[in-house]
Structure formats: C-alpha cells, structure tokens
Engineer: 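Okay, handing you the structure first.
These numbers come from a predicted model, not from an experiment.
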Amino acid sequence: MSEKVPSRGLDPQGYIAREGSLARVPHDFRPVVAAARDRVLDLFGGRLHSAYLYGSIPRGTARVGRSDLDLLIALREEPAPADRDAVRALGEALDKEHPAIDGVGTLLYSRARLLSELETYDLGWFVACLCTPLLGDDLAEFLPRYRPDSLLARETNGDLALLLPRWRARIEAADDSETSLRPLVRFMSRHLVRTGFTLVMPRWNGWTSDLREMAEVFGAYYPERAEQLRAAAVRGHEPTGDRAVLASYVDDLGPWLAEEYARVHGVKAPRPDGP
C-alpha cells in the first residue's frame with residue numbers, strides 16, 4: 001500500500017505537518033547554525049530547556065546574504081531583562097561573524113509560558129508546527145496536534161488591531177534612511193501577508209509558510225485586496241525603505257485586515273503582557 005502524500009501542508013489525518021528539519025539546512029548556513037547551538041548552550045547552560053530553529057533556514061529555502069537566522073529559546077524559568085540583553089548581543093555577534101545571514105531574530109520564553117493553556121494555540125502551535133529542534137527536549141511532545149481552523153486563526157493573528165498603534169509609533173520614530181525603514185517594511189510586510197493568509201486558512205484548509213503562496217491563497221477569497229498582499233509578499237523578500245508603503249500599511253491595509261479578521265474569527269485572547 002502506497003504512503004499518502006501530505007496535501008497543502010497537512011498530514012494524512014488533516015493535521016498541520018511540522019515543517020523544517022536540520023537535514024534541510026543549506027550547506028552555506030550550517031556554520032552559523034553550529035555556532036548558534038554552541039553559544040546558546042554556553043550562554044544558558046543548565047537554565048536552558050531547549051532551543052529551536054524556524055524560518056527559511058530549516059525549511060531549506062534560505063538565500064545567502066539575504067535571509068536571517070531565526071531562533072526560539074526556551075528557559076526553565078522566566079527570562080530576566082539581562083537574558084534578553086545577552087540574547088540580543090549574541091545575535092549581533094553571529095550576524096557580524098557570519099556573512100551568510102542578514103540579521104538574527106531570537107524569541108526567548110520560559111518552558112511554562114510555551115506550554116501554558118493561554119498559549120496553546122499561539123506559541124504552542126508555533127513550537128509544535130513551525131520550529132525545528134536544535135537543543136534539548138522537544139516541547140512538541142507535550143502539545144496537541146493542530147488543524148487549520150478558526151480557533152488557530154484567532155489565537156495566532158487576531159491581535160492586529162492592538163499592534164497597529166505600536167507600528168505607527170515605530171514608523172514615526174524612524175528616520176528616512178534605508179537602514180531604518182527597510183527592516184520595518186520587511187517585518188510589517190511579512191506580518192500582514194501571514195495575517196491575510198490565516199484569515200482565509202480555515203476555508204482553504206491547509207498550511208504554507210511561503211509568502212507568495214500565502215498571498216495567492218488570500219487573493220482567491222479577497223480579489224479586491226489581492227494585489228496589495230501580492231506586493232507585500234514581494235517586499236517581505238525584497239524590502240525597500242519606502243515610508244509611503246509603511247503609511248499604506250497602517251492607514252489602509254492594516255486597519256481593513258484587522259476589522260475583517262475580528263469579524264470572521266474574533267479577537268485573540270488578551271495576554272498579561274500585551275500583544
């Protein structure tokens with residue numbers, strides 16, 4: 001009997017299949033992954049529960065000099081401000097020493113937070129489906145399996161309305177240089193594309209992390225907004241420092257998407273520390 005091939009990012013039972021693996025890490029990125037693994041262990045020692053890769057590097061789609069290194073670190077206790085400073089310094093050092101990457105992004109949480117009931121359909125899902133184990137015991141063993149349903153949509157991206165004021169403040173604080181604006185365009189473009197995709201994810205009944213595919217899936221359900229999301233998907237890969245683009249995100253596409261998201265899926269459960 002032939003094995004069933006997963007469809008639309010789902011396994012044969014209809015659950016979201018975990019993406020990425022260490023075997024898919026491209027050769028050019030293996031030195032920085034090895035360095036990150038060793039330095040995270042040195043930095044936290046016995047306080048470290050586990051560490052993970054996510055994003056294009058473990059999916060095997062990273063581009064040399066263009067892709068960033070994405071890490072998630074789980075500690076045995078709540079991270080302190082000094083831990084966040086140390087992680088920031090680690091990322092800066094890795095970025096400086098390894099030209100294959102364009103920046104490092106690190107998420108830092110406690111094991112308890114990642115396994116909490118409040119985070120089951122947000123950070124928990126993220127670990128179980130989008131993260132590749134790098135160090136320690138895999139927290140996915142303690143998490144459920146996930147379907148691309150409305151609950152998952154609400155709890156992953158149902159907080160856009162709360163984020164928009166923060167985005168406006170970041171845009172206002174930035175100067176007009178490419179160095180300041182390009183990272184904002186890349187970050188906000190990716191976030192909006194992913195939010196647009198999860199808006200329609202339950203109807204499409206599948207999962208993808210490819211920005212362009214996300215935009216195309218969204219466009220099939222909202223053709224009047226399709227071009228905006230396609231353009232955002234391009235900027236997510238090739239950002240330009242354009243303040244007008246950022247203004248369109250927080251004044252037009254973002255507010256519309258937040259309102260439609262709340263109408264379709266509701267609003268994400270509030271977090272003690274905000275969105």
Side-chain angles (χ1 to χ4, degrees), residues 8-9 16 19 54-56 59 68 70 72 105 107 118-131 146-171 183-239 242 245-271 274-275:
R8 289 185 171 179
I16 297 175
E19 61 179 32
Y54 67 95
S56 61
R59 291 200 303 268
D68 51 359
D70 294 310
L72 183 145
L107 302 175
L118 184 63
E119 295 294 351
T120 299
Y121 288 89
D122 188 10
L123 292 176
W125 163 79
F126 183 76
V127 170
C129 295
L130 303 190
C131 287
Y146 297 87
R147 296 187 186 276
D149 56 20
S150 186
L151 173 61
L152 184 62
R154 187 188 76 214
E155 291 303 306
T156 53
N157 288 301
D159 58 352
L160 182 57
L162 296 177
L163 293 174
L164 288 174
R166 296 185 181 188
W167 289 13
R168 292 188 182 97
R170 291 179 64 183
I171 294 167
L184 292 179
V185 170
R186 179 167 67 175
F187 166 74
M188 293 179 191
S189 296
R190 292 180 178 186
H191 195 106
L192 289 173
V193 171
R194 289 165 181 155
T195 302
F197 169 72
T198 52
L199 170 63
V200 302
M201 173 186 67
R203 282 184 278 176
W204 190 60
N205 192 34
W207 175 261
T208 178
S209 284
D210 183 275
L211 292 179
R212 289 183 173 85
E213 185 176 14
M214 284 181 165
E216 291 303 320
V217 171
F218 168 86
Y221 297 92
Y222 292 93
E224 71 279 9
R225 293 278 180 172
E227 286 307 315
Q228 285 180 289
L229 224 68
R230 290 190 187 106
V234 172
R235 296 187 195 107
H237 286 298
E238 304 289 344
D242 190 337
V245 167
L246 295 170
S248 74
Y249 286 171
V250 297
D251 295 337
D252 177 35
L253 180 59
W256 172 83
L257 188 53
E259 182 178 353
E260 181 67 4
Y261 213 100
R263 185 187 70 81
V264 175
H265 298 300
V267 177
K268 182 176 182 175
R271 267 52 175 175

Engineer: Please determine whether side chain to side chain contact (heavy atoms under 4.5 Å, CB included) holds for the pair Trp125 and Glu155, giving the CA-CA distance in whole Å, both sets of side-chain angles, and the decisive distance to 0.1 Å.
Structural biologist: CA-CA 10 Å; Trp125 163 79; Glu155 291 303 306; over 6 Å; no
Engineer: Verify salt bridge (Lys or Arg N to Asp or Glu O under 4.0 Å) between Lys268 and Asp122, making sure each step is shown before the conclusion.
Structural biologist: CA-CA 10 Å; Lys268 182 176 182 175; Asp122 188 10; 2.5 Å; yes
Engineer: Please name the pair of heavy atoms, one in Thr198 and one in His265, separated by the smallest distance, quoted to 0.1 Å.
Structural biologist: O-NE2, 3.8 Å
Engineer: Evaluate Arg170 against Phe187 for side chain to side chain contact (heavy atoms under 4.5 Å, CB included), listing each step before the verdict.
Structural biologist: CA-CA 12 Å; Arg170 291 179 64 183; Phe187 166 74; 3.6 Å; yes
Engineer: Got a second to check how far Leu163's CG is from Asn157's CG, nearest 0.5 Å?
Structural biologist: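 Output value for this atom pair is 9.0 Å.
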Engineer: What is the distance from atom CG of Leu246 to atom OG of Ser189, rounded to the nearest 0.5 Å?
Structural biologist: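 Rounded to the nearest 0.5 Å, the CG-OG separation comes out at 7.5 Å.
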Engineer: Look at the side chain of Arg190 and the backbone N and O of Gly236, then say whether any donor-acceptor pair between them is shorter than 3.5 Å.
Structural biologist: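 Such a contact is found between Arg190 side chain and Gly236 backbone.
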Engineer: To the closest 0.5 Å, what do you measure between CG (Asp159) and OG1 (Thr195)?
Structural biologist: 7.5 Å
Engineer: Report yes or no: does Arg235 contribute a side-chain atom to a donor-acceptor pair with the main-chain N or O of Val185 at less than 3.5 Å?
Structural biologist: no
Engineer: With a 3.5 Å distance limit and no angle check, can you tell me whether Arg271 reaches the backbone of Leu118 through a side-chain donor-acceptor pair?
Structural biologist: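 Yes, because the side chain of Arg271 sits within donor-acceptor range (under 3.5 Å) of the backbone of Leu118.
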Engineer: Can you name the nearest heavy-atom pair linking Asp70 to Gly55, along with the distance?
Structural biologist: OD2-CA, 3.9 Å
Engineer: Between Met188 and Ile171, does a side chain to side chain contact (heavy atoms under 4.5 Å, CB included) hold up when you go through it step by step?
Structural biologist: CA-CA 11 Å; Met188 293 179 191; Ile171 294 167; 4.0 Å; yes
Engineer: Judged by atom type as modelled, is there a donor-acceptor pair below 3.5 Å linking the side chain of Ser248 to the main-chain atoms of Val245?
Structural biologist: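 Here the side-chain-to-backbone pair exists.
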Engineer: Can you tell me how far the OH atom of Tyr221 sits from the CD atom of Glu260, to the nearest 0.5 Å?
Structural biologist: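 Answer rounded to 0.5 Å: 14.0 Å.
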Engineer: Closest approach of Leu229 and Val193, non-hydrogen atoms and distance?
Structural biologist: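 Closest heavy-atom pair between Leu229 and Val193: O-CG2, 3.8 Å.
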Engineer: Please report the closest heavy-atom contact between Ala153 and Tyr261, naming both atoms and the distance.
Structural biologist: O-OH, 2.6 Å
Engineer: Are the side chains of Asp252 and Arg225 in contact, using a 4.5 Å heavy-atom criterion?
Structural biologist: yes
Engineer: Tell me the closest heavy-atom pair linking Gly206 and Phe197, and the distance in Å.
Structural biologist: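 Between these two residues, the closest heavy atoms are O-CZ, 3.8 Å.
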Engineer: To the nearest 0.5 angstrom, please state how far the CZ atom of Arg230 sits from the CZ atom of Arg212.
Structural biologist: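 Arg230 atom CZ to Arg212 atom CZ measures 12.5 Å (nearest 0.5 Å).
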Engineer: How about Trp167 and Leu192: do any of their side-chain heavy atoms sit closer than 4.5 Å?
Structural biologist: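 They are in side-chain contact.
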Engineer: Fit a plane to each ring of Phe218 and Tyr222, take the angle between them on a 0 to 90° scale, and name the class: parallel (under 30°), tilted (30 to 60°) or perpendicular (over 60°).
Structural biologist: parallel
Engineer: Ignoring hydrogens, what is the shortest heavy-atom contact between Met201 and Asp149? Give both atom names and the distance.
Structural biologist: CE-O, 3.8 Å
Engineer: Phe126 and ring-ring contact (aromatic ring centres under 6.0 Å, His included): which single residue from Tyr121, Tyr54, Tyr146 fits?
Structural biologist: Tyr54
Engineer: Answer yes or no: is there a donor N or O on one side and an acceptor on the other, between the side chain of Arg168 and the main chain of Val250, under 3.5 Å?
Structural biologist: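 At least one qualifying donor-acceptor pair exists.
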Engineer: Between atom NE2 of His237 and atom CG of Leu211, what is the distance when rounded to the nearest 0.5 Å?
Structural biologist: 4.5 Å
Engineer: Would Arg8 and Thr208 satisfy side chain to side chain contact (heavy atoms under 4.5 Å, CB included), going step by step from the backbone distance to the final call?
Structural biologist: CA-CA 7 Å; Arg8 289 185 171 179; Thr208 178; over 6 Å; no
